[in-house]
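Report on one structure; see the data block that follows.
Every heavy atom of this structure was used, including side-chain atoms; hydrogens, water molecules and symmetry mates were not. The residues of the chain are indexed from 1 along the displayed sequence.
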Amino acid sequence: QVQLEESGGGLVQAGGSLRLSCAASGRTFSSFAMAWFRQSPGKEREFVAAFSFNDNTDYADSVKGRFTISRHNAQNTVYLQMNNLKPEDTAIYYCAARPSILILVAKSAYPYWGQGTQVTVSS
């Protein structure tokens with residue numbers, strides 16, 4: 001099975017940037033679709049971004065143009081570069097994986113999850 005662990009969260013002022021990392025282990029990591037979700041108090045866990053075969057990507061409308069998902073630095077690590085952060089981006093960010101090249105946005109489609117990393121954007 002795939003194991004995931006997020007890092008890189010923290011406190012940042014509005015307009016600032018953070019880069020989240022997700023370290024993955026498992027024999028079939030390269031064939032899995034990888035995604036980032038987030039959850040803030042009082043809200044459902046929501047899709048943020050995903051990455052799959054041939055650098056195919058998808059983003060939530062709320063983060064398009066500001067966030068970038070990639071796995072270019074290493075085969076076993078995915079990143080979420082977050083620029084121009086807004087207070088509404090404050091949430092716990094989770095890395096997720098599913099054993100398919102197809103990207104889906106429903107959290108129920110992802111059987112593997114990390115423990116989450118807190119991102120707080122101050123106003």
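Atom CD of Gln115 is separated from atom CD of Gln3 by 10.5 Å, given to the nearest 0.5 angstrom. We find the CE-OG1 distance between Met82 and Thr68 to be 11.0 Å, quoted to the nearest 0.5 Å. Note that CG of Leu80 is 8.5 Å distant from OG of Ser70, once rounded to the nearest 0.5 Å. Here OH of Tyr59 is found 9.0 Å from CZ of Phe47. Values are rounded to the nearest 0.5 Å. From Ile92, atom CD1 reaches atom OG of Ser40 across 9.0 Å, with rounding to the nearest 0.5 Å. If you take CZ on Phe67 and CG on Asn83, they are separated by 8.5 Å, rounding to the nearest 0.5 Å.
When side chains are defined from C-beta on, Met34 counts as touching Leu4, because their heavy atoms get closer than 4.5 Å. Taking 4.5 Å as the limit, some side-chain heavy atom of Lys86 sits within range of a side-chain heavy atom of Arg66.
Heavy-atom minimum distance, Ala109 versus Leu104: CB-CD1, 3.8 Å. Across all their heavy atoms, Tyr112 and Val2 have their closest contact at CD2-O, 3.4 Å. Here the shortest heavy-atom pairing between Thr77 and Ser21 reads CG2-CB, 4.4 Å. Here the closest heavy-atom approach between residue Ile69 and residue Ala35 is recorded as CD1-CA, 4.5 Å. The two residues Phe32 and Pro99 come nearest to each other via the heavy atoms CZ-CB, 3.6 Å.
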Contacts table for residues 116-123: side-chain donor-acceptor under 3.5 angstrom, sequence neighbours left out:
residue	atom	partner	partner atom	Å
Thr117	OG1	Gly9	N	3.1
Gln118	NE2	Ala91	O	3.4
Gln118	NE2	Thr120	OG1	3.4

Q.
Applying ring-ring contact (aromatic ring centres under 6.0 Å, His included) to Phe51 and Trp36, what does each step give before you reach the verdict?
A. CA-CA 9 Å; Phe51 180 99; Trp36 289 93; over 10 Å; no
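Without hydrogens or angle criteria, Tyr94 side chain to Arg45 main chain gives no donor-acceptor distance under 3.5 Å. With hydrogens and angles disregarded, a donor-acceptor distance shorter than 3.5 Å links the side chain of Glu6 to the backbone of Cys95. With hydrogens and angles ignored, the 3.5 Å screen pairs a side-chain donor or acceptor of Ser52 with a backbone N or O of Ile101.
Salt-bridge annotation for Asp61 and Lys64: present, with a side-chain N of the basic residue lying under 4.0 Å from a carboxylate O of the acidic one. Electrostatic pairing of Arg71 and Asp55 does not count as a salt bridge here, judged by no charged N lying under 4.0 Å from a carboxylate O.
Side-chain contact, Arg38 with Tyr93: a donor N or O sits under 3.5 Å from an acceptor N or O.
Note on Val63 and Ile103: separate hydrophobic clusters, where clusters join Ile, Leu, Val, Met, Phe, Trp and Tyr whose side-chain heavy atoms are under 4.5 Å apart, directly or indirectly.
A 6.0 Å sphere centred on CD of Glu46 holds more than 12 heavy atoms belonging to other residues, nucleotides or ligands. Within a 6.0 Å sphere centred on CD of Glu5, other residues, nucleotides and ligands contribute 12 heavy atoms or fewer.
Listed by chain and number, the residues in a side-chain hydrogen bond (donor to acceptor under 3.5 Å, both in side chains) with Asp58 amount to none (sequence neighbours excluded).
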